[in-house]
Structure formats: C-alpha cells, structure tokens
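Written out below as structure tokens is the structure these notes cover.
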Number of protein chains: 2
Amino acid sequence: MAPMAPTQQVKRRATNQGAAVKEALAAEDTFRSAQDVYATLRANGEKIGLSTVYRHLQIFVDDGLADVIHKPDGESTYRLCGDASTTHHHHLVCRSCGKAVEIEGPAVETWADKVAAQNGFTDVNHTVEIFGLCAACAAS
Amino acid sequence: MAPMAPTQQVKRRATNQGAAVKEALAAEDTFRSAQDVYATLRANGEKIGLSTVYRHLQIFVDDGLADVIHKPDGESTYRLCGDASTTHHHHLVCRSCGKAVEIEGPAVETWADKVAAQNGFTDVNHTVEIFGLCAACAAS
DNA sequence: GTCTTATTGGGAATCGTTCCCATTATGACA
DNA sequence: TGTCATAATGGGAACGATTCCCAATAAGAC
C-alpha cells in the first residue's frame, strides 16, 4: 500500500504556515482547539487561514505527532505529543485551563482488551480521559 | 438551592412526546443520536419536533435516566440506563451498529482517582469508552 | 370548564468543521 | 538562476449537529 518510509507516509512541502501551527502547539503543554490556535496565530500577525490550521492539525494527528481529545462539549483539541506511535498513553486534563499530563495505565489497556474479547468484540480501541481541576486552577 | 426531592429536581409535565422519546430509546439497546431518534419517531408517524427530541434527551441525561457518549466524530448518542446514579459504569460500544454492553471496572475507577490525586487534580471525573466491532458486525 | 403556565415545534441562528477552487509559492530540474 | 508542475493556501460557501426564539398548544390544578 505505502511504498514510502514508515514514519512519513506522503511527500510534504515545508511551508511557513505548517511551521507556525506546529510552533503554536509547541508553545503550550495544553490541549488547544483549532479556533484557539487560529486566533493566537492571527493575533501574532501570522498570515494564515482557518482552513490551513485545521489542515495541519489533522496532518499532525495522521502523522502521529499530535493527540486529539474531544472535549465533553464536542470540540476537538490538539496537543503535540512526544514521539509518534511508540507509546500509547492517555491524559489527565484540566477542565479549566486545558493543561494536560500524560499518563499511562498498562492495567487499563489489558483490562479493556480482556473485556472486549470476552464480549466477542474485535478491532478494539478505547478512549480514556480524566478531567479535573489542576491545583493552580483550583486555587484561584 | 433545590427544595424539591432529590431524584426529581423540578416538576415535569407528562406529555406524549416525552413518552415517545423514552419509548424510542427503550426499544433498542444501542446508543442512538438525536437525529436518529427523531427520524424514527417521524417515520412512525409520531408528531414531534426535533427541538423536542433534543430537549427530552437532555432531560433524561440530567435526571440520570440516560447515558451519553460522544462518538469519535463528535456526534452525541444516548441510551437509557438501568437505574440512575446508583451504578457508575462504562460501555463497550460497537463502532458499526452502536450496540453497547455495560461494563464495570472498579480498578479503573481507583486508578483514575489515584492518578488525579497524585497530580494535584480535584473535582475529577473520567470517560472510558471502548469501541470495537461486535461479533455480529464482524461476521458480515 | 377555566386559567396558569409548562411544553411544543418550526424556522432562524450558532458553531465547529469541511469543501471548493482560483491563486500562490515550494522544490526539482535544467 | 530561471522555469515548471503541482502541493499548499485561504476565504467564503456549504454542512451537519445543536441551540435559540417565541407564538401556539395542551397539561393539570382549582
């Protein structure tokens, strides 16, 4: 199917906008919405369109560079993620400021797979997100 | 704040539409979207508006009668749920047909709380959903 | 039966996201 | 360094789910 290298599936051009989106994400360790990133970039005088922001965000996700999580209200938020598909992990996210801590729960993974198998489900994946108030936000 | 009984926060009138929405949900053990429920009801000749469907679905959730889960694509789906807030549980959901199995994972709950506490997070809640293909769908 | 008011519903409005497509600019090659 | 094919861009239209608004309707108490 894919004759290219495993990490980079398709040829991709380097553009200012792509770099700008990545930088914007890299600047914070919080999950941010596309609209949010777009607003920030424009505020910084960056010349970029909303479509382009969405486009790059999606590319990052496809390339395994970023994680997405859907907020309870349905909005998608993105965050750059250490290294690609090497480590499967989840997040502890602050409901208020969006700050996120990467967490791992090997036990959860095996539990999920076991439960799925017991019920005859295949091609399984799961979402585990923990929402709360971080210490800083709770204090204010 | 609320001088009423603990289970039923506000006085609510019994209407045909409310009953119809509940019936529609009760008829299936799958998570269904508001649009889906609406379409079904209209197809059955029910006289009801989309707004009303959304309204009742939300009421069920508020009253703890139904569970919501947000599909990866962002759509909200609802399902009636045994009894209100007595049992906290999660779901194993078929990506294809929406069929859901209620599952419990006490270990997950304690793990989530522990991780949150370790990171100074308070007012914690979590979402754990397992998506897969049920045996029936995998066969076809 | 009457009256108060919760409920309804249909269309407008919102909001996030995707699509379309003419314009722009990257990168390869001469 | 100039030329060219085409990937990338962006802005506005289009979309789908959900919410809002408000005049008309109907539930239930007296």
Side-chain angles (χ1 to χ4, degrees), chain A residues 2 4-5 8-25 31-63 65-79 98, chain B residues 2-4 8-25 31-63 65-79 98:
Chain A
M4 290 296 289
Q8 194 80 354
Q9 50 269 67
V10 281
K11 173 87 170 303
R12 220 151 251 165
R13 284 186 187 172
T15 67
N16 294 340
Q17 289 85 342
V21 173
K22 187 177 288 189
E23 265 176 48
L25 278 190
F31 275 85
R32 311 182 58 198
S33 69
Q35 308 274 353
D36 183 17
V37 169
Y38 172 66
T40 301
L41 289 174
R42 294 299 285 229
N44 286 359
E46 207 71 51
K47 178 79 177 55
I48 193 171
L50 182 56
S51 312
T52 305
V53 173
Y54 273 103
R55 203 148 31 208
H56 282 287
L57 253 17
Q58 190 52 55
I59 288 172
F60 294 158
V61 173
D62 291 344
D63 287 2
L65 294 174
D67 283 340
V68 212
I69 86 179
H70 300 304
K71 297 231 303 288
D73 71 355
E75 197 178 26
S76 299
T77 56
Y78 307 79
R79 196 184 87 150
Chain B
M4 290 296 290
Q8 194 80 354
Q9 49 270 67
V10 282
K11 173 86 169 305
R12 221 151 250 165
R13 282 184 188 175
T15 66
N16 294 341
Q17 289 87 341
V21 173
K22 187 178 287 189
E23 266 177 48
L25 277 191
F31 275 85
R32 309 181 60 197
S33 69
Q35 306 276 353
D36 183 17
V37 169
Y38 173 67
T40 302
L41 289 174
R42 293 299 285 228
N44 287 359
E46 207 69 52
K47 178 76 175 57
I48 194 172
L50 182 55
S51 313
T52 305
V53 172
Y54 272 103
R55 203 148 30 208
H56 282 287
L57 252 17
Q58 190 52 56
I59 287 172
F60 293 158
V61 173
D62 291 344
D63 288 0
L65 294 174
D67 283 341
V68 212
I69 86 179
H70 297 49
K71 298 230 303 289
D73 70 356
E75 197 178 27
S76 300
T77 55
Y78 307 80
R79 196 182 85 150

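Remember, predicted model here, so these are calculated numbers, not experimental data. Residue numbering restarts at 1 for every chain, and letters A, B, ... go by the order of the sequence lines. Heavy atoms only: backbone and side chains are in, while hydrogens, waters and symmetry mates are out.
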Between [N] atom [atom2] and [X] atom [atom1], what is the distance in whole Å?
X       : N      : atom1 : atom2 : value
B/Arg13 : D/dA27 : CZ    : C1'   : 5 Å
B/Lys71 : D/dT18 : NZ    : P     : 9 Å
A/Asn16 : D/dA8  : CG    : C1'   : 11 Å
B/Ile59 : D/dT18 : CD1   : C1'   : 15 Å
A/Phe60 : D/dA8  : CZ    : C1'   : 13 Å
A/Asp36 : C/dC15 : CG    : P     : 16 Å
B/Arg12 : C/dT7  : CZ    : P     : 7 Å
A/Asp73 : C/dC15 : CG    : P     : 12 Å

Identify whether any heavy atom of B/Ser76 sits under 4.0 Å from a base atom; if not, whether one sits that close to sugar-phosphate; answer base, sugar-phosphate or nothing.
-> sugar-phosphate

What nucleic acid atoms does A/Gln35 come within less than 4.0 Å of, heavy atoms only: base, sugar-phosphate, or nothing?
-> base

More than 12 heavy atoms of other groups within 6.0 Å of B/Lys71 NZ = yes

Which parts of residues 39-58 of chain A get close to DNA chain C, meaning a heavy atom less than 4.0 angstrom away?
-> A/Leu50, A/Ser51, A/Tyr54

Closest non-hydrogen atoms of B/His70 and A/Gly74, given as atom of the first, atom of the second and distance, are CD2-N, 4.3 Å

Answer whether the closest heavy-atom distance between the side chains of [X] and [Y] falls below 4.5 Å.
X       : Y       : answer
B/Lys22 : B/Phe60 : yes
B/Gln58 : B/Asp62 : yes
A/Thr40 : A/Arg32 : yes

Verify the contact: side-chain N or O of A/Gln17 to OP1 or OP2 of D/dG10, cut-off strictly under 4.0 Å; return yes or no.
-> yes

Short side-chain N/O contact from A/Thr15 to OP1 or OP2 of D/dA7, under 4.0 Å | no

Polar contact flag, side-chain donor to acceptor under 3.5 angstrom, B/Glu46-B/Tyr38 | no

Keeping the roles fixed (side chain from B/Thr52, backbone from B/Ile48), state whether a donor-acceptor pair exists under 3.5 Å.
-> no

